[in-house]
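Input: a single structure, listed below in structure tokens.
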2 protein chains.
Amino acid sequence: MADEDCVRGDAALTRAFAILGTRWTGLLLGQLGHGAAGYRELSRAIGKVSDSVLSERLTTLAEAGLVKRTVLEGPPVAVTYELTDAGRALIPVLGQISDWAEEHLPA
Amino acid sequence: MADEDCVRGDAALTRAFAILGTRWTGLLLGQLGHGAAGYRELSRAIGKVSDSVLSERLTTLAEAGLVKRTVLEGPPVAVTYELTDAGRALIPVLGQISDWAEEHLPA
DNA sequence: ATAGCCACTTCGAAAAAGCTAGCAACTAGG
DNA sequence: CCTAGTTGCTAGCTTTTTCGAAGTGGCTAT
């Protein structure tokens with residue numbers, strides 16, 4: 001691998017982990033891989049994330065273009081979150097991480 | 001996917017991100033994918049990680065069995081870190097994350 | 001009316017990360 | 001001998017991130 005490739009690869013990995021390396025984000029994306037969900041649905045699925053951090057993570061993911069936030073005007077008003085194409089492209093990778101953990105990280 | 005599979009997958013993903021979801025860990029593993037390295041070499045390569053956190057991350061990775069810490073008695077005494085088989089198994093996945101970021105996360 | 005749900009927001013507390021001086025073990029140069 | 005540098009951490013204090021829980025407004029049900 002040429003130095004240029006190494007440098008570019010590391011910069012991309014840095015950008016990826018600027019997102020994935022924050023607490024809860026990987027699990028959030030994994031959960032959304034099962035399908036669109038509301039805020040409280042996500043909160044219950046992840047279980048141990050605080051409201052303020054869940055809200056902030058969803059905002060960050062929406063701003064990064066990985067998640068689409070849709071307001072349903074109701075009544076009652078509701079918000080759903082779903083993966084964009086960019087977000088969905090990560091799901092097979094998350095599956096591989098999961099497989100890796102099954103094999104290499106004891107329960 | 002049966003519920004049991006979903007549950008198991010999510011538990012594994014949780015275990016994976018208990019490690020990958022901490023700051024610097026993904027980049028550290030990516031750097032070690034280029035080959036064994038000493039502490040200061042890793043510090044310089046990552047660039048923005050503090051000494052105390054780097055030390056703690058390496059300890060965590062060694063305890064989880066992803067990294068092997070080897071003391072070279074010298075003189076001068078030196079320590080090298082290298083990926084174990086378990087750690088190395090993650091490198092192709094990190095490569096895919098990097099490819100994904102190249103395509104979906106603008107620089 | 002109360003009580004519950006939802007999707008957040010706010011604010012102070014706790015945990016994680018950062019900063020940096022310091023240590024011991026070394027090397028190099030004056 | 002000294003100083004100055006390297007390495008691989010550690011300790012203690014500071015800053016940032018996450019947490020926990022109360023709160024808001026918009027709704028539904030009793």
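For clarity, every value in this text was computed on a predicted model and none was experimentally measured. Labels below follow one simple rule: chain letters A, B, ... track the order of the sequence lines, proteins then strands, and each chain is numbered from 1.
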Rounded to whole Å, how long is the line connecting atom [atom1] of [X] with atom [atom2] of [N]?
X     : N      : atom1 : atom2 : result
A:E41 : C:dC8  : CD    : P     : 14 Å
A:D51 : C:dT9  : CG    : C1'   : 10 Å
B:R69 : D:dG8  : CZ    : C1'   : 8 Å
A:K48 : D:dA21 : NZ    : C1'   : 19 Å
A:R57 : C:dA7  : CZ    : P     : 19 Å
B:L72 : C:dC26 : CG    : P     : 13 Å
B:R23 : D:dT17 : CZ    : P     : 7 Å
B:R40 : D:dT7  : CZ    : P     : 6 Å

A:V77 vs A:E56, nearer the 5' end of DNA chain D by closest nucleotide |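 That would be A:E56.
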Given that B:T80 and A:W24 both sit by DNA chain D, which one's nearest nucleotide is further toward the 5' end?
-> B:T80
Does the side chain of A:S55 get closer than 4.0 angstrom to OP1 or OP2 of C:dT9 through an N or O atom?
-> yes
Flag side-chain contact, heavy atom, 4.5 Å: B:L28 against B:V67 |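 They are not in contact (no side-chain heavy atoms under 4.5 Å apart), so the answer is no.
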Determine whether A:T70 and A:K68 make a side-chain contact, defined as any pair of heavy atoms from C-beta on separated by less than 4.5 Å.
-> yes
Residue pair B:D51, B:R40: steps toward the salt bridge (charged side-chain N to carboxylate O under 4.0 Å, His left out) verdict = CA-CA 9 Å; B:D51 276 354; B:R40 193 55 64 188; 3.1 Å; yes
Between C:dC19, D:dC19, D:dT28, spot the one nearest the side chain of A:V49, thanks.
->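 Closest nucleotide to the A:V49 side chain: D:dC19.
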Hey, which sits more toward the 5' end of DNA chain C by its nearest nucleotide, A:S52 or A:V79?
->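 The answer here is A:V79.
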Is the CD atom of B:E82 crowded by more than 12 outside heavy atoms at less than 6.0 Å?
-> yes
